[in-house]
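So the structure is just underneath, and the comments pick up after that.
Note on naming: letters A, B, ... go to the chains in the order of the sequence lines (proteins, then strands), and numbering restarts at 1 for each one.
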Amino acid sequence: MTRPSIPKGTRDFTPEEMSRRNYIFDTIRSVFRLYGFQQIETPAMENLSTLLGKYGEEGDKLLFKILNSGDWLSSLSSDDMSYLTSNSASTLISEKGLRYDLTVPFARFVVQNRDKIQFPFRRYQIQPVWRADRPQKGRYREFYQCDVDVVGTDSLLCETELIQIVEEVYRRLGIRVCLHLNNRKILAGIAEILGEAERLTDITVAIDKLDKIGSEGVNQELLAKGLSEDTVNRLQPILNLQGDNGEKLGQLAYILKDSETGMKGIEETKEVLRLCKSAGVKLDIMLDISLARGLNYYTGAIFEVKALDVEMGSITGGGRYDNLTGIFGMPGVSGVGISFGADRIYDVLNQLNLYPEHSSEQTQLLFAHFGEAEREYCLTIANALRSKGINTEVYPDICKIKKQMNYADQKHIPFVAIVGSDEISSGTVMLKNMLTGEQQAVQSDSIAEIITL
RNA sequence: GUGGUCUUAGCUCAGUUGGCAGAGCAUCGGAUUGUGGUUCCGAGUGUCGUGGGUUCGAGCCCCACAUUCCACCCCA
C-alpha cells in the first residue's frame with residue numbers, strides 16, 4: 001500500500017486557498033459582467049477531432065488523450081498490431097481528449113449553437129484546462145483560464161473594451177501591470193518586406209524570445225532556421241525601434257510602406273490606441289514588436305499582460321482571430337478575446353501579499369455549548385442568525401468548552417456564543433469577542449446587531 | 001521530448017567513514033469540572049518516495065521508476 005498521491009502537475013486546494021482563489025474569480029467575473037459578457041461552460045473532454053491540429057505540432061503533443069471505454073484491444077486486428085507505433089495506436093484507441101484551452105471549444109460551441117446565439121456574442125468562461133507539459137514554477141498540468149471573447153464583429157472597439165477590462169481587473173486586484181500590444185498583421189508585413197512571408201511562424205517564434213535571449217540570440221536562431229544573413233541584418237533595425245508608441249508606429253509605417261498587410265496592422269493599432277484614449281484608459285500600454293504569442297490562429301491585435309512588481313510569465317494574454325470558426329465550417333466570423341491566468345495571478349497576489357483581510361466565506365459565529373439540551377437551544381438561534389445572512393456554526397460534539405474555543409480560535413472565527421443552563425433560563429447567550437477577549441450576556445435576538453457592528 | 005535537482009514523523013527539516021531513527025512545530029492528554037490565542041508537564045507517531053542490487057549490516061553506495069523544483073522546447 002503506497003501513500004495516496006495526485007498526478008504530476010495537479011494540486012489540491014485547501015479552504016484558505018479556495019477562499020483566495022474565489023476572490024480572484026469573483027473579481028474577474030464581476031468585471032466581465034459589467035461589460036455585458038455572459039457565462040458559458042463546455043465539457044472537460046472534447047472529441048480529438050475538435051482539438052487536434054489547432055495548436056500546432058507542439059500543442060498536439062501536449063494534449064491529454066482519453067482511452068476509449070470498453071474492450072478497445074479487440075477492435076485492433078492482428079495486422080494493425082504488427083506495424084503499430086505509439087502514435088498511430090493513439091488514434092485507434094482514443095477518440096476523446098481533455099481540453100487544452102477554452103478558445104477552440106468556444107469556437108466549436110459557436111458553430112454548434114449558432115441558432116441560439118445573438119451576434120455579436122459576448123461570452124466569458126472560467127474552467128480548468130489541461131496540458132501534458134512538464135510542470136515547473138507557474139506551470140501546471142491542470143490550471144484555470146478565465147476567457148472573455150466577442151465573436152461576430154471585427155470592430156476594434158472590442159479590443160478597446162478588453163483592454164479596459166484588463167485595466168479594471170488589475171485595478172481591483174491591486175496589481176500594477178503593463179500591457180504589451182502588437183498586431184499579427186505588422187509581423188506579417190515585416191516577414192513580407194523581408195521577402196520571407198511564408199516563414200512568418202519561424203520569424204515570430206524567434207523574435208518572441210527577444211527580451212529573453214537578446215537580438216544576438218534571435219539572429220542565431222533565425223540563421224539556424226535557414227534565413228539569409230542579409231535578411232537577418234535587415235530585420236535588426238526593426239527589432240530595435242526606439243521611442244514611444246506613436247514614434248514606433250511612425251517608423252514602422254515607413255518601413256512597411258510597401259506591405260498592404262503591414263500598413264493595415266499599423267492602422268488597426270493606431271485605432272485601438274485612439275479608442276483607448278477616448279475611453280479614458282490610463283493603463284500602461286506598450287507597443288512591443290517582439291510580442292508574437294505562440295497560438296497560430298491570431299490574425300490581428302495580440303496582447304499580453306505582465307505584472308510590474310513580480311518576476312512571472314504573462315498573467316493575461318489574447319488577441320484577434322479572424323476565422324477560428326472556419327475550421328468547423330462556419331467562415332467569416334471574426335472574434336477577439338483574452339484569457340486571465342488565474343493560477344499565476346494567485347501566485348502574484350501571494351508574493352505581493354495583496355489579499356483582503358476578511359473573506360465572505362469565513363464563519364462569523366460559533367455556538368459553544370455544555371451539553372445536549374444546550375446544543376438544541378442553539379439550533380433555533382443559529383437558524384435565525386443564518387436567515388439574517390450571518391455565517392453560523394454550532395459545534396457538533398458534546399465536549400469541553402476549552403476544545404470548542406480552541407476550534408473557534410484556529411478557524412479565526414471572530415465571535416463565540418457560549419450556552420449553558422444559565423443562558424437557557426435567561427434566554428441569552430454569553431457572547432465573546434475572540435479578538436478583544438471581551439464577553440457579555442446578550443439576549444439571543446440582539447446577537448446579530450452586536451456582531452455586525 | 002532533452003538535461004539537471006529533490007524526496008526521512010501530519011508539516012519544516014537534521015542524520016558524520018555504511019553500525020539501535022532524531023529535533024522543532026502541529027496533534028492528543030494534564031496543570032485549569034463555564035472560556036481560545038501566552039506558559040508549564042506528559043504522550044504517541046515512521047514500509048527513511050517505490051522496486052531491485054552490493055554488503056555480515058544500507059536513510060547513506062549502485063540501477064530503474066515515480067515525485068518536487070529548475071533550465072531548454074513551448075506556454076497561462
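The distance from atom CG of D147(A) to atom C1' of C75(B) is 14 Å, rounded to the nearest whole Å. Between I207(A) atom CD1 and C74(B) atom C1' the separation is 17 Å, expressed in whole Å. Atom CG of D347(A) and atom C1' of C69(B) are 14 Å apart (whole Å). The CG-P distance, from D60(A) to C74(B), rounds to 15 Å in whole Å. Going from atom CG of D208(A) over to atom C1' of A76(B) covers 14 Å, rounded to whole Å. In this structure, CG of D409(A) is placed 11 Å from C1' of U35(B), rounded to the nearest angstrom. As rounded to whole Å, 11 Å separates atom C1' of U67(B) from atom CD1 of I6(A). The interatomic distance linking L62(A) (CG) with A76(B) (P) rounds to 11 Å, in whole Å.
Tested against E46(A) for a salt bridge (charged side-chain N to carboxylate O under 4.0 Å, His left out), the candidates R99(A), K65(A), R108(A), K54(A) yield a single pass: R108(A).
Going from the P atom of U17(B) to that of C13(B) covers 23 Å, rounded to whole Å. The P atoms of C69(B) and U12(B) are separated by 12 Å, rounded to the nearest whole Å. When the C1' atom is used for both C40(B) and U32(B), the distance is 12 Å, rounded to whole Å. Nucleotides C60(B) and G1(B) are separated by 28 Å at their P atoms, to the nearest Å. Nucleotides G36(B) and G44(B) have their P atoms positioned 26 Å apart, rounded to a whole Å. Rounded to whole Å, the separation between the C1' atoms of G51(B) and U7(B) comes to 16 Å. The P atoms of C62(B) and G19(B) are separated by 16 Å, rounded to the nearest whole Å. Only the P atoms considered, A64(B) is 22 Å distant from C48(B), to the nearest whole Å.
Across all strands shown, Y144(A) has no heavy atoms under 4.0 Å from either base or sugar-phosphate atoms. Among the protein residues, G9(A) comes within range of the sugar-phosphate backbone only, with heavy atoms under 4.0 Å from sugar or phosphate atoms but none that close to a base. No engagement by K411(A) is indicated, since no non-hydrogen atom pair under 4.0 Å with the nucleic acid exists. Residue D343(A) is out of contact with every strand shown, counting any heavy-atom pair closer than 4.0 Å. Across all strands shown, E304(A) has no heavy atoms under 4.0 Å from either base or sugar-phosphate atoms. Within the nucleic acid shown, Q439(A) comes within 4.0 Å of at least one base atom, counting heavy atoms only. Within the nucleic acid shown, G59(A) has no heavy atom closer than 4.0 Å to any nucleic acid atom. Note on V205(A): only backbone sugar-phosphate atoms sit closer than 4.0 angstrom, heavy atoms only; bases stay farther off. L435(A) comes within contact range of at least one nucleobase, with a heavy-atom separation under 4.0 Å.
A donor-acceptor contact under 3.5 Å links the side chain of R139(A) to the base of C74(B). No donor-acceptor contact under 3.5 Å links the side chain of R134(A) to the base of U68(B).
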| message | Determine whether S30(A) and R172(A) satisfy the following criterion, side chain to side chain donor-acceptor pair (under 3.5 Å), listing intermediate values before the conclusion. | response | CA-CA 10 Å; S30(A) 58; R172(A) 291 188 183 195; 3.3 Å; yes
| query | Are Q125(A) and T42(A) close enough, and set up right, to give a side chain to side chain donor-acceptor pair (under 3.5 Å), and what steps lead you there? | reply | CA-CA 9 Å; Q125(A) 186 171 355; T42(A) 63; 3.0 Å; yes
| field | Test log, rule side chain to side chain donor-acceptor pair (under 3.5 Å), inputs S334(A) and R320(A) | value | CA-CA 8 Å; S334(A) 184; R320(A) 177 169 289 277; 2.7 Å; yes
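Each of C75(B), U35(B), U27(B) was ranked by its minimum atom distance to the side chain of Q410(A); first place goes to U27(B). Here the nucleotide nearest the side chain of I401(A), chosen from C73(B), U35(B), A71(B), is U35(B).
The phosphate of G34(B) has neither OP1 nor OP2 within less than 4.0 Å of any side-chain N or O from K432(A). Residue K400(A) has a polar side-chain atom (N or O) positioned under 4.0 Å from OP1 or OP2 of G30(B). Remark: K209(A) is in phosphate contact with C73(B), judged by side-chain N or O atoms under 4.0 Å from OP1 or OP2. For the OP1/OP2 pair of A71(B) and a distance below 4.0 Å, the side-chain nitrogens and oxygens of Q136(A) include at least one atom meeting the criterion.
For the pair E268(A) and L156(A), the minimum side-chain heavy-atom distance is below 4.5 Å.
Comparing P135(A) and S339(A) by the nucleotide of RNA chain B that holds the closest heavy atom to each, the one mapping nearer the 5' end is P135(A). Looking at which nucleotide of RNA chain B each of M434(A) and Y140(A) is closest to, the 5′-most match is held by M434(A).
Nucleotide C25(B) forms a Watson-Crick or G-U wobble pair with G10(B), both donor-acceptor distances falling under 3.5 Å.
Taking the six-membered ring where tryptophan is involved, the planes of Y55(A) and Y100(A) are tilted, since the angle between them lies from 30° to 60°. Using cut-offs of 30° and 60° for the angle between ring planes, the Y407(A) and Y395(A) rings count as perpendicular.
A donor-acceptor pair under 3.5 Å is absent between the side-chain atoms of K209(A) and the main chain of I207(A), judged by distance alone.
For A76(B), the base is stacked against the aromatic ring of F143(A), per a cut-off of 5.5 Å between centres and 30° between planes.
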